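Computed from a predicted model, the values in this text were never measured in an experiment. Here is how names work: the chains are called A, B, and so on, in the same order as the sequence lines, proteins then strands, and each is numbered from 1.
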Amino acid sequence: MTVGEMAERVNLSHRTVRYYDDEGLLPARRSPGNYRLYGQDALAKMLTIRRLKPLGFTLDEMREVLALLDAVAAPGAADDAGRAERLEQLVALEADVRQRRDKLVEQLAGADDLLASLRPLLP
DNA sequence: ATTCTGACA
DNA sequence: TGTCAGGA
């Protein structure tokens with residue numbers, strides 16, 4: 001699929017998709033006419049990125065997450081130390097995501113409180 | 001019609 | 001991140 005299709009399917013602007021390519025976060029293949037092309041794997045990664053983004057992950061952090069994820073998914077080349085490393089990083093990632101999730105829950109609670117305080121002021 | 005790169009009231 | 005320009 002081309003940028004436009006990708007952008008539409010993951011609900012990001014084509015500008016953002018282009019940006020991720022430029023920054024090397026999610027490189028696109030190129031067509032003979034130099035159009036960006038994306039496959040199924042790219043779509044899956046883009047969806048992962050879209051979930052990471054609202055959690056406040058930086059581009060570099062997303063890069064690490066994607067690398068970790070396909071290292072884990074990869075068909076296998078890795079010694080014992082390597083596998084152990086992956087596992088540690090995976091556990092650390094889970095903790096990180098959970099922490100960000102909790103933060104969002106707090107913000108949600110804050111929004112609810114604000115709404116509650118506005119209620120009595122409304123007509 | 002769609003995408004490409006580069007630039008920025 | 002949006003948008004415009006100038007090409008392909």
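- Reading DNA chain B from its 5' end, the first and the last nucleotide to sit under 4.0 Å from a heavy atom of chain A are dT2(B) to dA7(B).
- Scanning for side-chain contact (heavy atoms from CB on, under 4.5 Å) contacts around Glu8(A) gives an empty result, with sequence neighbours left out.
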Worked verdict on Arg101(A) versus Val105(A) for side-chain contact (heavy atoms from CB on, under 4.5 Å): CA-CA 6 Å; Arg101(A) 194 203 98 97; Val105(A) 170; 3.8 Å; yes

Show me the protein contacts with nucleotides 3-6 of chain C, counting only N or O atoms at under 3.5 Å.
| from | atom 1 | to | atom 2 | distance (Å) |
| --- | --- | --- | --- | --- |
| dT3(C) | O4 | Arg15(A) | NE | 2.9 |

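- Residues from residues 19-56 of chain A with heavy atoms under 4.0 angstrom of DNA chain C, sorted by number: Tyr35(A), Lys53(A).
- Hydrophobic clustering of Ile, Leu, Val, Met, Phe, Trp and Tyr side chains at less than 4.5 Å, counting indirect connections, unites Leu68(A) with Met46(A).
- When the side-chain contact (heavy atoms from CB on, under 4.5 Å) test is applied to Gln107(A), the partners found at least two apart in sequence or on another chain are Lys103(A), Leu104(A).
- For residues 109-123 of chain A, no pair satisfies salt bridge (Lys or Arg N to Asp or Glu O under 4.0 Å), with sequence neighbours left out.
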Enumerate, atom names and distances included, each donor-acceptor pair closer than 3.5 Å involving a side-chain atom of residues 12-26 of chain A, sequence neighbours excluded.
| from | atom 1 | to | atom 2 | distance (Å) |
| --- | --- | --- | --- | --- |
| Ser13(A) | OG | Thr16(A) | N | 3.1 |
| Ser13(A) | OG | Thr16(A) | OG1 | 2.9 |
| Asp21(A) | OD1 | Ala28(A) | N | 3.0 |
| Asp21(A) | OD2 | Arg30(A) | NH2 | 3.4 |
| Asp21(A) | OD2 | Arg36(A) | NH1 | 2.7 |

Using distance only, find each side-chain donor-acceptor pair of residues 69-93 of chain A under 3.5 Å and give its atom names and separation, not counting sequence neighbours.
| from | atom 1 | to | atom 2 | distance (Å) |
| --- | --- | --- | --- | --- |
| Asp70(A) | OD2 | Lys45(A) | NZ | 3.1 |
| Asp79(A) | OD1 | Ala81(A) | N | 3.1 |
| Asp79(A) | OD1 | Gly82(A) | N | 2.6 |
| Arg83(A) | NE | Ala78(A) | O | 3.2 |
| Arg83(A) | NH2 | Ala78(A) | O | 3.2 |
| Arg86(A) | NH1 | Ala71(A) | O | 2.8 |
| Arg86(A) | NH2 | Ala71(A) | O | 3.2 |

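- Asp96(A) pairs by the side-chain hydrogen bond (donor to acceptor under 3.5 Å, both in side chains) definition with Arg100(A), not counting sequence neighbours.
- Annotated stems with DNA chain B as a participant read B:4-8 with C:2-6, given as range with range, by first number; only runs of 3 or more Watson-Crick or G-U pairs under 3.5 Å qualify.
- In this structure, Met6(A) CE and Leu37(A) CG are separated by 10.5 Å, a value rounded to the nearest 0.5 Å.
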When the side chains of residues 52-59 of chain A are checked against the rest of the protein, which donor-acceptor pairs come out under 3.5 Å, sequence neighbours left out?
| from | atom 1 | to | atom 2 | distance (Å) |
| --- | --- | --- | --- | --- |
| Thr58(A) | OG1 | Glu61(A) | N | 3.1 |
| Thr58(A) | OG1 | Glu61(A) | OE1 | 3.4 |

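- In this structure Glu94(A) satisfies the salt bridge (Lys or Arg N to Asp or Glu O under 4.0 Å) test together with Arg98(A), sequence neighbours excluded.
- Val10(A) is connected to Val65(A) through a chain of hydrophobic side-chain contacts under 4.5 Å among Ile, Leu, Val, Met, Phe, Trp and Tyr, so both are in one cluster.
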